[in-house]
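The structure appears below as structure tokens.
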Number of protein chains: 2
Amino acid sequence: MKHVSIKDIAKELSIAHSTVSRALNDKYDIKKETREKVLKKAEEMGYYPNPMAKKLKENKSFNIGVVVPEFRNAFFPDVILGIQDVLLSKGYQILIMQSNEDPIIEESNIRTLHENMVDGLIISLTADSHNVSFLKNLSNKNFPIVQFNRVSDKLETSKVVFDDYTWASFATEHLIKQGYKKILHFAASQDIALCKYREKGFINALKRHKLPCNKEQIVPSGLTIEDGKKAMEKVLESNMDFDAIFAVTDPTALGAMMVLKQHKIEIPERVGVVGFSESRLSQVIEPSLTSVKQPTFEMGQAAANLIIQEIETEVKVPQVMTLGGNFKVGKSSVRL
Amino acid sequence: MKHVSIKDIAKELSIAHSTVSRALNDKYDIKKETREKVLKKAEEMGYYPNPMAKKLKENKSFNIGVVVPEFRNAFFPDVILGIQDVLLSKGYQILIMQSNEDPIIEESNIRTLHENMVDGLIISLTADSHNVSFLKNLSNKNFPIVQFNRVSDKLETSKVVFDDYTWASFATEHLIKQGYKKILHFAASQDIALCKYREKGFINALKRHKLPCNKEQIVPSGLTIEDGKKAMEKVLESNMDFDAIFAVTDPTALGAMMVLKQHKIEIPERVGVVGFSESRLSQVIEPSLTSVKQPTFEMGQAAANLIIQEIETEVKVPQVMTLGGNFKVGKSSVRL
DNA sequence: AATTTTAACGGACACGTGTCCGAACACGTG
DNA sequence: CACGTGTTCGGACACGTGTCCGTTAAAATT
């Protein structure tokens with residue numbers, strides 16, 4: 001059970017531990033025969049370096065903190081797989097924390113990770129992270145931070161984002177081409193940049209096709225199934241006239257669809273629905289949901305590569321990576 | 001950016017670093033005034049202990065490895081939330097690794113975690129983990145391991161499991177009471193104990209109600225949506241007579257439902273379907289899926305408490321915790 | 001053969017923390 | 001005043017690793 005140290009090897013061979021260290025690290029000041037003798041003995045005794053000692057010595061934890069707002073949808077687990085894919089191969093571990101969509105927990109998570117001396121932070125903010133002063137403070141002290149997905153304009157770090165504007169515009173256009181004319185957008189908090197851009201993309205598409213674009217068409221909602229349900233119910237109660245919905249996320253779209261189905265409103269015949277990424281439910285629900293697909297795994301890889309670069313080169317030039325996606329047409333938006 | 005050490009505080013106050021250490025740890029050999037002076041200075045200089053040094057000194061990483069077979073369904077993320085809930089409050093971090101349902105990757109994950117000197121391991125095995133010799137080896141060396149959910153009978157460690165037998169029996173009985181008579185079980189690998197118990201529970205319920213129970217009724221399938229689809233297609237091709245399905249997991253049930261819907265076979269009128277935990281999709285699909293619910297969060301908490309106990313008391317008495325759940329009746333199994 | 005160069009290794013130190021032991025001093029008691 | 005007792009602190013050491021510097025002995029040069 002006890003760990004074999006280089007001192008144990010040294011004692012066994014009656015040499016100094018510094019010699020063993022040189023042998024294992026393939027340094028100059030060492031005779032070939034000695035080196036081989038040491039390597040053989042190390043193998044024999046089942047030696048492997050104590051990571052704690054190495055971390056203390058190099059003053060580097062080889063840990064990267066990952067903070068995500070939630071764990072309920074498939075989106076963040078998928079991104080984490082991408083992050084892990086890159087970081088593990090480079091000898092880093094990741095510490096994952098989730099904020100439960102609560103900015104208070106989020107800040108506590110960041111503090112915990114920082115006190116545990118992670119070498120860097122990859123973060124996607126909660127919906128209500130107005131106050132990013134703590135992160136800003138860290139960033140100013142040259143602490144490596146990479147934001148992804150839900151990023152803040154107030155925080156100048158490297159970012160990995162999706163081209164929300166273009167794809168929201170594209171998704172809206174798809175509805176227009178299918179003949180829908182009175183399209184609503186179920187929107188969420190403007191504090192999250194991606195929501196803002198999706199809304200702008202929506203508006204732009206309507207204007208380009210000279211369709212009406214009133215304020216009522218932007219329905220305040222949120223990112224969850226519950227938010228979608230509530231917004232849909234409110235719209236139905238108000239007797240608003242509409243024939244399609246472009247929702248800010250898949251869960252929002254799903255919530256809306258569930259309420260529509262309860263009211264026996266046919267999809268896509270009477271109302272067309274298009275969602276946006278973030279959920280695997282979209283393929284299971286009936287009718288299948290038309291949606292923009294984000295490259296989640298690649299997003300994780302990109303974020304990981306950026307943080308590694310920042311840590312290992314120690315130069316901080318914030319760069320923004322914008323990824324593209326693809327459009328998956330389901331039955332929820334295609335009239336026969 | 002540089003970390004403030006107790007030596008820095010000592011230098012500042014012109015005392016020995018050992019005195020500072022005593023003051024901060026509230027040990028006896030210290031005068032009150034000195035202690036207060038040190039605490040004040042520490043606060044002032046923004047001191048917090050270097051976790052790496054502590055880990056090296058105590059030969060303890062305060063990290064717990066968590067290995068799960070997949071990340072695609074909500075089940076494991078939910079369990080991890082429970083694990084985190086307990087461990088974070090006790091000063092431990094968790095390193096999460098996923099095995100992608102591959103026993104080779106699984107073993108490599110375990111190795112990586114062990115070489116990083118995690119203090120213990122919480123693990124749920126992949127579907128094909130026949131060979132648990134590496135884990136057995138660790139366990140024999142008194143390395144703390146707790147299994148949950150997918151456990152192996154070949155490995156004697158503490159375990160947190162669900163009472164699969166009872167609840168599978170209960171779920172099957174529900175179908176029987178609804179008047180279904182020719183019930184199939186979509187099963188998965190017998191290497192996973194929970195699959196075995198769910199199958200046994202199914203058989204037991206049929207026998208108790210004196211219903212036919214042939215080998216054909218046990219349909220070999222798997223744990224994923226794809227497995228459910230394939231098995232369902234095979235059953236339909238074979239023209240087997242049946243009126244209900246009890247599936248080993250929710251994804252399996254969902255796959256079956258999707259194929260049934262493609263063939264315009266009405267659920268629950270012509271075929272009733274019941275699933276088993278592990279997915280949040282069940283509430284979204286139409287008709288909503290009747291399913292056994294496991295207390296995922298509590299399962300994580302229980303596993304975390306067991307591992308802490310094993311680490312901190314250093315006595316190893318394998319104990320098995322069996323959790324109960326509840327039964328959520330949806331529309332997929334209720335005939336009007 | 002005397003001197004310089006080179007190879008190979010041992011010992012000391014450092015990272016930040018915690019603990020053990022002994023020293024210094026104050027205080028009380030005989 | 002001498003001795004014992006208790007308090008408070010400094011110094012040395014340890015955890016496992018890596019690096020620097022100095023030392024030794026052998027090889028190469030003059």
Side-chain angles (χ1 to χ4, degrees), chain A residues 1-43 45-63 91 93 114-119, chain B residues 1-43 45-63 91 93 114-119:
Chain A
M1 197 61 229
K2 212 201 143 285
H3 186 256
V4 182
S5 75
I6 56 172
K7 285 186 183 172
D8 297 328
I9 301 177
K11 203 177 287 173
E12 200 77 7
L13 294 171
S14 307
I15 56 177
H17 82 276
S18 54
T19 308
V20 177
S21 174
R22 270 190 299 259
L24 293 171
N25 292 304
D26 208 1
K27 283 284 162 64
Y28 37 100
D29 272 5
I30 188 93
K31 196 159 47 167
K32 263 192 183 176
E33 305 150 41
T34 324
R35 217 188 90 219
E36 278 158 18
K37 208 165 58 183
V38 170
L39 290 182
K40 196 182 147 200
K41 200 73 182 174
E43 176 76 33
M45 297 177 72
Y47 169 83
Y48 57 97
N50 182 325
M52 269 111 72
K54 206 172 250 170
K55 288 169 183 179
L56 172 61
K57 183 71 188 170
E58 298 186 21
N59 196 28
K60 202 178 155 183
S61 69
F62 287 95
N63 285 339
Q93 265 77 46
H114 181 244
E115 282 175 11
N116 274 281
M117 294 193 166
V118 290
D119 297 336
Chain B
M1 199 59 230
K2 213 201 143 285
H3 186 256
V4 181
S5 76
I6 55 172
K7 284 186 186 172
D8 297 330
I9 301 177
K11 203 178 287 173
E12 200 78 6
L13 294 171
S14 306
I15 56 177
H17 81 277
S18 55
T19 307
V20 177
S21 174
R22 270 190 298 261
L24 293 171
N25 292 305
D26 208 2
K27 282 286 163 61
Y28 38 99
D29 272 7
I30 187 93
K31 196 160 47 169
K32 264 193 183 176
E33 306 151 39
T34 325
R35 217 190 89 217
E36 278 158 19
K37 206 166 60 182
V38 170
L39 290 181
K40 194 180 151 202
K41 200 73 183 176
E43 176 76 35
M45 296 176 74
Y47 169 82
Y48 57 98
N50 182 326
M52 269 110 73
K54 207 172 245 167
K55 288 170 184 180
L56 173 61
K57 182 70 186 168
E58 298 186 23
N59 197 28
K60 202 176 154 184
S61 68
F62 287 95
N63 285 339
Q93 265 78 44
H114 182 243
E115 282 175 11
N116 274 281
M117 293 196 167
V118 291
D119 297 335

Between side-chain atoms of residues 8-17 of chain A and protein atoms elsewhere (two or more places apart, or another chain), which donor-acceptor pairs fall under 3.5 Å?
{"residue": "A:Asp8", "atom": "OD2", "partner": "A:Ser5", "partner atom": "N", "Å": "2.9"}
{"residue": "A:Asp8", "atom": "OD2", "partner": "A:Ser5", "partner atom": "OG", "Å": "3.4"}

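Residues A:Ile6 and A:Ser21 come closest through the heavy atom pair CD1-CB, 4.2 Å. Minimum heavy-atom separation, A:Ala42 to A:Leu24: CB-CD2, 4.1 Å.
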Protein-nucleotides 6-10 of chain C N/O pairs closer than 3.5 Å?
{"residue": "C:dC9", "atom": "OP1", "partner": "A:Thr34", "partner atom": "OG1", "Å": "2.5"}
{"residue": "C:dC9", "atom": "OP2", "partner": "A:Lys31", "partner atom": "N", "Å": "3.0"}
{"residue": "C:dC9", "atom": "OP2", "partner": "A:Thr34", "partner atom": "OG1", "Å": "3.3"}
{"residue": "C:dC9", "atom": "N4", "partner": "A:Asp29", "partner atom": "OD2", "Å": "2.9"}
{"residue": "C:dG10", "atom": "OP1", "partner": "A:Ala16", "partner atom": "N", "Å": "3.3"}
{"residue": "C:dG10", "atom": "OP2", "partner": "A:Ala16", "partner atom": "N", "Å": "3.0"}
{"residue": "C:dG10", "atom": "OP2", "partner": "A:Thr19", "partner atom": "OG1", "Å": "2.3"}
{"residue": "C:dG10", "atom": "N7", "partner": "A:Arg22", "partner atom": "NH2", "Å": "3.3"}
{"residue": "C:dG10", "atom": "O6", "partner": "A:Arg22", "partner atom": "NH1", "Å": "3.3"}

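In terms of phosphate contacts, A:Asn25 brings a side-chain nitrogen or oxygen within less than 4.0 Å of OP1 or OP2 of D:dG18. Phosphate contact (OP1/OP2 of D:dT17, side-chain N/O of A:Tyr48, threshold under 4.0 Å): absent.
As judged by a 4.0 angstrom heavy-atom cut-off over every strand, B:Lys57 is placed among the base-contacting residues.
Under the 30°/60° scheme for interplanar angles, the aromatic rings of B:His3 and B:Tyr48 are found to stand perpendicular.
For C:dG30, the paired nucleotide is D:dC1, the pair qualifying as Watson-Crick or G-U wobble because both relevant distances are below 3.5 Å.
At whole-Å resolution of the value, CG in A:Leu24 and P in D:dG16 are 15 Å apart. In this structure, B:Glu115 places its CD atom 13 Å from P of D:dT17, rounding to the nearest Å.
Residues satisfying the side-chain contact (heavy atoms from CB on, under 4.5 Å) criterion with B:Ser61, sequence neighbours excluded, are A:Met52, B:Asn63, B:Asp119.
No more than 12 heavy atoms of other residues, nucleotides or ligands shown are found within 6.0 angstrom of NZ on A:Lys40.
Out of D:dG18, C:dT17, C:dG16, the shortest distance to the side chain of A:Ser21 is found at D:dG18.
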